[in-house]
*Asks:* 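Input: one structure, supplied below.
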Amino acid sequence: IDSDEPGGPAFVWTDISSTGTPVAATTDDSTSPAIALGFNAPFYGTFFDSIRVCSNGWLSFTSSATFYSNQPLPNVGAPENMIAPFWDDLNPGGATHIYFQSFGNHAIVQWDNMPMYTGGGAATFQAILEASGTITFQYSNLTGAVDNATVGLQNATKTDALQVAFN
């Protein structure tokens, strides 16, 4: 559910760009090494204690791929165990634009003013993972062409997904 619906999550932006740890995904189409969450997160019936973050607006509990061409979900052409707050061809251009911070029972990954590879514009958004299994996507600022991205989740076998948006 979204924040516009009755009972939807409240938009509470916690900017971690100055307090979070920079994520080692600073080049075009790059994915970080595993980052410890600080808790075990359930996802499609399996618990995970770390994530990998891709510069292209998604994270995975297991995949180190660098897919930049967003697809509808579920899809064998997408990473397994994927959480995609804004999967698009993004390019940090050698600068730090992604941050991570764990707060005990939840963690935030923030793509901060991340440049889009084509079409100009930039995106600032977050994925918030909780030990309870709740996943929240938040969007602070999206400029440029924002109608060419995938938002959603996909399981390990790439056969089950929750697609929120595709293009």
Side-chain angles (χ1 to χ4, degrees), residues 1-5 8-32 35 37-38 41 43 48 50-61 63 65-73 75 78-79 81-103 105-130 132-154 161-167:
I1 60 175
D2 69 39
S3 59
D4 292 334
E5 295 180 44
F11 179 80
V12 181
W13 187 263
T14 302
D15 186 359
I16 63 166
S17 62
S18 62
T19 59
T21 302
V23 172
T26 59
T27 59
D28 190 26
D29 305 330
S30 59
T31 298
S32 73
I35 301 168
L37 287 169
F43 191 72
F48 298 95
S50 65
I51 55 168
R52 295 174 185 269
V53 180
C54 183
S55 60
N56 291 316
W58 57 268
L59 56 93
S60 173
F61 293 106
S63 179
T66 59
F67 296 108
Y68 64 88
S69 182
N70 68 300
Q71 303 293 319
L73 299 175
N75 197 305
N81 292 313
M82 175 190 214
I83 298 172
F86 193 80
W87 179 19
D88 195 8
D89 193 3
L90 305 175
N91 183 1
T96 300
H97 286 278
I98 309 171
Y99 302 90
F100 171 83
Q101 191 164 358
S102 182
F103 297 91
N105 65 351
H106 71 282
I108 299 174
V109 178
Q110 178 174 319
W111 288 259
D112 192 64
N113 200 32
M114 177 67 86
M116 296 179 188
Y117 188 77
T118 57
T124 299
F125 57 96
Q126 297 176 333
I128 304 168
L129 287 71
E130 298 183 30
S132 67
T134 298
I135 298 169
T136 303
F137 297 154
Q138 295 194 126
Y139 305 89
S140 172
N141 191 30
L142 301 172
T143 62
V146 297
D147 60 351
N148 189 36
T150 299
V151 177
L153 315 168
Q154 175 165 276
L162 169 62
Q163 178 176 288
V164 176
F166 172 66
N167 289 348

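Bear in mind that the values here come from a model prediction, so they are computed numbers and not experimental data.
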*Asks:* Tell me whether Gln154 contacts the main-chain N or O of Pro79 through its side chain, where contact means a donor paired with an acceptor under 3.5 Å.
*Replies:* yes
*Asks:* Just wondering, are more than 12 heavy atoms of other shown residues or ligands nearer than 6.0 Å to OH in Tyr117?
*Replies:* no
*Asks:* How far does CG of Leu59 sit from CD1 of Ile51, to the nearest 0.5 angstrom?
*Replies:* 5.0 Å
*Asks:* So do the side chains of Leu73 and Leu162 get within less than 4.5 Å of each other, counting heavy atoms only?
*Replies:* no
*Asks:* State the OG-CH2 distance between Ser17 and Trp111, to the nearest 0.5 angstrom.
*Replies:* 14.5 Å
*Asks:* Drop me the distance from Asp2's CG to Thr136's OG1, to the nearest 0.5 angstrom.
*Replies:* 12.0 Å
*Asks:* So do Phe100 and Val53 actually touch side chain to side chain, heavy atoms under 4.5 Å?
*Replies:* no
*Asks:* With side chains defined as the heavy atoms from C-beta onward, is the minimum distance between Asn75 and Phe67 less than 4.5 Å?
*Replies:* no
*Asks:* Calculate, to the nearest 0.5 Å, the distance between atoms CG and OG belonging to Asn56 and Ser69 respectively.
*Replies:* 9.5 Å
*Asks:* Identify, with sequence neighbours excluded, every residue that meets ring-ring contact (aromatic ring centres under 6.0 Å, His included) alongside Phe43.
*Replies:* Phe61
*Asks:* Could you tell me which non-hydrogen atom of Ala123 sits nearest to which non-hydrogen atom of Met116, and how far apart they are?
*Replies:* CB-CE, 4.1 Å
*Asks:* Considering non-hydrogen atoms only, spot the tightest contact between Ser3 and Pro9 and give its length.
*Replies:* CB-O, 3.0 Å
*Asks:* To the nearest 0.5 Å, what is the distance between OG1 (Thr134) and CG (Leu129)?
*Replies:* 10.0 Å
*Asks:* Where do Ile128 and Gln138 come nearest, in terms of heavy atoms and distance?
*Replies:* CD1-NE2, 3.5 Å
*Asks:* Going by atom type alone, with no hydrogens or angles, which donor-acceptor pairs under 3.5 Å involve a side-chain atom of residues 145-152 and a protein atom two or more places apart or on another chain?
*Replies:*
residue	atom	partner	partner atom	Å
Thr150	OG1	Asn70	ND2	3.0
Thr150	OG1	Gln71	O	2.9

*Asks:* For Tyr68, I'd like to know if atom OH has over 12 heavy atoms of other residues, nucleotides or ligands within 6.0 Å.
*Replies:* no
*Asks:* Tell me, please, which residues at least two apart from Phe103 pass ring-ring contact (aromatic ring centres under 6.0 Å, His included).
*Replies:* His106
*Asks:* Determine the minimum heavy-atom distance between Pro115 and Pro92, stating which atoms define it.
*Replies:* CD-CA, 4.3 Å
*Asks:* Kindly state each residue pair satisfying side-chain hydrogen bond (donor to acceptor under 3.5 Å, both in side chains) with at least one member in residues 89-103, sequence neighbours excluded.
*Replies:* Thr19-Gln101
*Asks:* Within this structure, what is the CG-CD1 distance for the pair Leu153 and Ile135, rounded to the nearest 0.5 Å?
*Replies:* 5.0 Å
*Asks:* Is any side-chain heavy atom of Met82 closer than 4.5 Å to one of Ser63?
*Replies:* no
*Asks:* Not counting sequence neighbours, which residues clear ring-ring contact (aromatic ring centres under 6.0 Å, His included) with Phe86? List them please.
*Replies:* Phe125
*Asks:* Ignoring hydrogens, what is the shortest heavy-atom contact between Thr14 and Gln110? Give both atom names and the distance.
*Replies:* O-OE1, 3.7 Å
*Asks:* With sequence neighbours excluded, what pairs up with Thr31 under the side chain to side chain contact (heavy atoms under 4.5 Å, CB included) test?
*Replies:* Arg52, Cys54, Trp58, Thr66
*Asks:* Phe137 and Pro85: which non-hydrogen atoms are nearest, and at how many Å?
*Replies:* CD2-CB, 3.6 Å
*Asks:* So does Ala122 get a backbone contact from the side chain of Thr143, meaning a donor-acceptor N/O pair under 3.5 Å?
*Replies:* yes
